There are 2 protein chains.
Amino acid sequence: MMETLRALAEPNRFQIVELLRKGPRPVGDLVDRLGLRQPQVSKHLRVLSDAGLVEVRVDAQRRIYTLCPAPLQELEEWVERYRQLWEGNFQRLAALLDHMKTQEKKRGRRKRQGDHR
Amino acid sequence: MMETLRALAEPNRFQIVELLRKGPRPVGDLVDRLGLRQPQVSKHLRVLSDAGLVEVRVDAQRRIYTLCPAPLQELEEWVERYRQLWEGNFQRLAALLDHMKTQEKKRGRRKRQGDHR
DNA sequence: AAGACATATTCTTTTACGGGAATATACAAT
DNA sequence: ATTGTATATTCCCGTAAAAGAATATGTCTT
């Protein structure tokens with residue numbers, strides 16, 4: 001997950017993923033569309049590959065890169081867990097109240113015990 | 001979007017977001033839970049704030065940070081566009097075929113015009 | 001008003017990473 | 001076998017960004 005995010009957080013890599021969304025492509029194709037030099041593209045593909053985001057299929061001298069669904073699926077599942085943020089806020093309200101209580105306790109403790117460093 | 005990803009791609013910031021998912025928290029609380037020093041936490045919060053991922057509410061000396069739904073919602077929408085990857089592959093197959101055609105044309109052009117750097 | 005607390009900011013150092021250039025590898029074509 | 005084509009890898013450099021340390025800001029308490 002962390003690795004997926006790191007990989008996607010780079011603009012060129014993000015672009016590569018966007019391009020690969022439409023279908024598998026060989027490196028040269030990506031080079032043309034990105035306006036990057038071939039070595040950089042290969043390097044970015046390496047990072048994406050290490051992150052499990054792409055797969056290679058060898059076709060003679062060509063390497064055809066394909067997008068892998070798994071990490072993106074995982075990312076979707078992760079962000080889904082945040083839906084409650086914009087779908088009703090009861091949970092948040094509860095948490096807030098709970099937290100105020102916690103803070104109250106803490107404030108009390110602090111008064112009693114003084115600093116802690 | 002890019003900025004959201006960049007912000008989330010850092011492990012500590014990711015952790016902050018995870019903590020904030022359960023509800024708003026003051027900085028000190030985050031410091032305790034993350035085992036980071038206060039200045040670093042503040043700095044990370046700054047980045048998250050610049051990315052629009054968190055909001056501050058001032059409560060006396062405390063600053064209570066809250067997670068903002070919008071960027072995450074946007075992220076979800078983005079990744080949703082990739083569902084087709086793991087839900088049937090007709091689209092991909094079509095793209096592949098289309099692409100093979102493109103490559104064929106290109107191969108021809110290259111032969112005619114020679115190198116280009 | 002003085003000190004304690006919570007947080008932010010600045011400055012410096014270190015580390016990570018992306019780009020450039022050159023080179024290596026491997027298959028294809030002739 | 002030689003040349004050409006597609007891609008990967010290596011090495012170097014510059015910059016961006018994260019950690020560390022010190023300090024600033026603002027509020028609360030007494």
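Only a predicted model underlies this, so the values are computations on that prediction, with no experimental measurement involved. In the text below, chain A, chain B and the rest are named by the order of the sequence lines, each starting its count at 1.
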B:R37 CZ to C:dT7 C1', straight-line distance once rounded to whole Å | 17 Å
Closest-nucleotide 5' rank along DNA chain C - winner of B:L45 and A:L36 | B:L45
Do NZ/NE/NH1/NH2 and the carboxylate oxygens of A:R6 and B:E10 come within less than 4.0 Å?
-> no
Answer with yes or no whether A:E10 presents, from its side chain, a donor or acceptor under 3.5 Å of a partner atom in the base of C:dG18.
-> no
Within the pair B:R13 and D:dA18, is there a side-chain N or O less than 4.0 Å away from OP1 or OP2?
-> yes
Is the closest side-chain heavy-atom distance between B:V31 and B:V27 below 4.5 Å?
-> yes
Using whole Å, report how far CD1 of A:I16 lies from P of D:dT7.
-> 13 Å
With no hydrogens and no angle check, is any side-chain donor or acceptor of B:R25 less than 3.5 Å from a backbone partner on B:L20?
-> no
A:Q15 CD to C:dG19 P: how many Å, rounded?
-> 13 Å
A:Q40 atom CD is separated from D:dG14 atom C1', nearest whole Å, by 14 Å
Is the distance from OP1 or OP2 of C:dA16 to the nearest side-chain N or O of A:R6 less than 4.0 Å?
-> no
Checking C:dA8, D:dA8, D:dA19 against the side chain of A:S42 (C-beta onward), the nearest is D:dA8
Is any side-chain N or O of A:H44 closer than 4.0 Å to OP1 or OP2 of C:dC17?
-> no
Once you round it to whole Å, what is the distance between C1' of C:dA6 and NZ of B:K43?
-> 17 Å
Output the single nucleotide from C:dA6, C:dT9, D:dT9 whose closest atom is nearest the side chain of B:Q61.
-> C:dA6
What nucleotide, of C:dC27, C:dA6, D:dT9, holds the atom closest to the side chain of B:R62?
-> C:dA6
Give the rounded distance in Å between these two atoms: CG of A:D59 and C1' of D:dT7.
-> 13 Å
Begin with the C-alpha distance, continue with both residues' side-chain angles, and end with the deciding distance and a verdict on ring-ring contact (aromatic ring centres under 6.0 Å, His included) for A:W86 and A:Y82.
-> CA-CA 8 Å; A:W86 58 88; A:Y82 284 76; 8.1 Å; no
Would you kindly check whether a donor in the side chain of A:Q38 faces an acceptor in the base of D:dA8, or vice versa, at under 3.5 angstrom?
-> yes
Note: for A:P39 and B:R46 on DNA chain C, the residue whose nearest nucleotide lies more 5' is B:R46
B:L48 CG - C:dA8 C1' separation (whole Å) | 15 Å
Step by step, work out the side-chain hydrogen bond (donor to acceptor under 3.5 Å, both in side chains) result for B:W78 and A:E18.
-> CA-CA 10 Å; B:W78 177 80; A:E18 287 278 79; 3.2 Å; yes
Presence of A:Y65 side-chain N/O under 4.0 Å of D:dA8 phosphate oxygens OP1/OP2 | yes
Can you tell me how far P of D:dA17 sits from CG of B:N12, to the nearest Å?
-> 16 Å
